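Notes to accompany the following structure.
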Amino acid sequence: MKRFTDRVALISGAAQGIGEATALLFAAQGARLVLLDLHAESLARVAEGCAAQGADVIAQPGSVAERSAWDAAVAAALARWQRLDILINNAGITRDARFEHMGVEQFDAVIDVNLRGVFHGAQAALQPMLAAGRGAIVNTSSVVGLHGNFGQTNYAAAKAGVIGMTKTWAREFGPRGIRVNAVAPGFIATPMTAAVPAKVTEKMTAAVPLQRLGAPEDIANAYAFLASDEAAYITGTVLEVSGGLSM
Ligand code: NAP
C-alpha cells in the first residue's frame with residue numbers, strides 16, 4: 001500500500017518549484033490532490049503530471065491571500081471525496097529590499113501571501129479536519145524565519161510568524177487529533193531563487209556543510225514525512241531542511 005492511499009491533500013503554490021515536486025511525490029504515493037496556485041496554465045500542466053501517475057486531481061486556480069480561494073479549494077475536495085486529510089501550506093513570494101529602502105507595499109505583499117495566506121489556508125482546512133477528528137497541516141517557514149537575512153525584513157517577519165502560528169495551532173488542535181508542523185528550507189534551487197546572482201549562489205553553497213543547494217524534492221520529502229502517519233507523534237516542530245546551513 002502506498003503512503004497516502006485514500007488520503008486527500010491540498011497543496012498551495014503547486015504550479016512550480018517545491019509545490020510542483022510535492023504534488024508529484026504525493027501523487028506517486030497514492031494521494032488524491034487539490035492543487036492551488038495563481039497560475040492556471042502551469043497548474044494544469046502539473047495536474048496532468050499527477051494524473052499520469054494515476055492520481056485523481058483537481059487544479060484550483062486562485063490566490064492564497066484570498067480566503068474565498070481556499071474555501072473553493074476545500075469545497076472542491078469535499079464535493080469530490082468528502083474528506084480533507086492534509087494541508088501543505090507551501091505558496092510563498094519574496095519582495096527583497098534593504099530595510100531602509102523597503103516600501104510598506106513590499107512588506108504588505110509578502111505578509112499577505114506568506115503569513116495571511118497560511119492563516120487562511122489553515123482556517124479553511126481545519127473545518128473538515130476538526131469534523132473528522134484527524135488531519136495534518138504542514139506550513140512552510142524558512143531558515144530566514146529562524147535567523148533573519150539581509151534584505152528580507154518582510155520575508156523574515158512572515159516566516160517567523162509562520163513558526164509562531166504552527167506552535168500555537170499544534171497546542172490548540174493536538175487534543176482534537178490534528179498535527180501541525182513546519183518545514184524550514186535552506187537555499188533550494190527553484191524559480192524563486194533562479195534570479196540570485198551566480199556569485200551569491202556560490203557563496204551560499206560553500207556555506208552549506210552538504211556542499212550543494214537543496215532540490216525541490218528534498219523539501220517535498222520532508223513535507224511527506226510530516227504529513228504521513230510515520231510522524232504520528234510529531235507536532236509543533238520546525239524541521240530544518242538546509243544541508244546543515246544553520247549549524
Ligand atoms: P516558487 O518557485 O516561486 O513557487 C511558488 C509558487 O507559489 C509559484 O507558482 C507562485 O506563483 C505561487 N504563488 C505565489 N503567490 C501566490 C498566491 N498568492 N496564491 C497562490 N499561489 C501563489 O517558490 P519555491 O521556491 O518553490 O517556494 C515554495 C515555498 O518554500 C515558499 O513558501 C517559499 O517561501 C519557501 N522557501 C523557499 C526557499 C528556496 O530557497 N526556494 C527557501 C526557504 C523557503 P508566482 O510564480 O507568481 O510567484
Side-chain angles (χ1 to χ4, degrees), residues 10-25 34-47 59-73 87-96 108-122 124 137-149 151-152 154-163 165-166 182-196 200-201 204-205 207-208 212-223 226 238-243 245-246:
L10 168 52
I11 303 170
S12 70
Q16 63 180 35
I18 293 167
E20 175 178 4
T22 304
L24 293 169
L25 176 66
V34 183
L35 308 180
L36 175 62
D37 199 289
L38 285 175
H39 302 284
E41 238 173 73
S42 321
L43 201 57
R45 178 184 53 78
V46 175
Q60 184 78 35
S63 171
V64 296
E66 306 290 339
R67 173 61 190 262
S68 56
W70 284 108
D71 287 341
L87 167 64
I88 308 293
N89 233 331
N90 165 78
I93 60 169
T94 54
R95 296 288 183 271
D96 297 352
D108 287 346
V110 170
I111 295 295
D112 265 359
V113 176
N114 296 13
L115 188 65
R116 200 183 305 260
V118 171
F119 171 95
H120 285 317
I137 297 176
V138 185
N139 297 323
T140 308
S141 181
S142 166
V143 290
V144 172
L146 294 165
H147 304 297
N149 195 26
Q152 293 199 303
N154 47 5
Y155 191 81
K159 294 300 190 182
V162 166
I163 293 173
M165 296 197 300
T166 299
V183 172
F187 199 42
I188 313 301
T190 70
M192 178 180 271
T193 49
V196 173
V200 177
T201 303
M204 293 291 299
T205 308
V208 174
R212 67 170 175 88
L213 299 188
E217 291 74 17
D218 291 319
I219 306 305
N221 281 323
Y223 289 159
L226 289 172
V238 181
L239 177 56
E240 182 178 329
V241 183
S242 68
L245 182 65
S246 290

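Both ligands and their constituent atoms are indexed starting at 1 by order of listing. All values derive from a computational prediction rather than experimental measurement. In this chain, residues are counted from 1 in sequence order.
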Heavy-atom contact under 4.0 Å between [X] and ligand 1?
{"X": "Ala14", "answer": "no"}
{"X": "Gly214", "answer": "no"}
{"X": "Lys159", "answer": "yes"}
{"X": "Pro216", "answer": "no"}

[atom]: which protein heavy atom is closest, and how many Å away?
{"atom": "atom 24 (P) of ligand 1", "answer": "Thr190 OG1, 3.6 Å"}
{"atom": "atom 3 (O) of ligand 1", "answer": "Gln16 NE2, 3.2 Å"}
{"atom": "atom 31 (C) of ligand 1", "answer": "Asn90 O, 3.1 Å"}
{"atom": "atom 36 (N) of ligand 1", "answer": "Tyr155 OH, 3.3 Å"}

### Message
For a 4.5 angstrom cut-off between non-hydrogen side-chain atoms, does Val64 reach Trp70?
### Response
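Answer yes - side chains close enough.
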**Message:** Applying side chain to side chain contact (heavy atoms under 4.5 Å, CB included), can you list everything that pairs with Ala69, at least two apart in sequence or on another chain?
**Reply:**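 By the side chain to side chain contact (heavy atoms under 4.5 Å, CB included) rule, Ala69 matches Leu36, Glu66.
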Hits for side chain to side chain contact (heavy atoms under 4.5 Å, CB included) against Thr190, two or more places apart or cross-chain, chain-then-number order -> Ile18, Ile188, Met192, Thr193, Pro216
- request: For ligand 1, note which part of Val113 has a heavy atom under 4.0 Å away: side chain, backbone, both or neither.
  value: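 The answer is the side chain.
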Worksheet item: Do NZ/NE/NH1/NH2 and the carboxylate oxygens of Arg212 and Asp218 come within less than 4.0 Å?
Response: yes
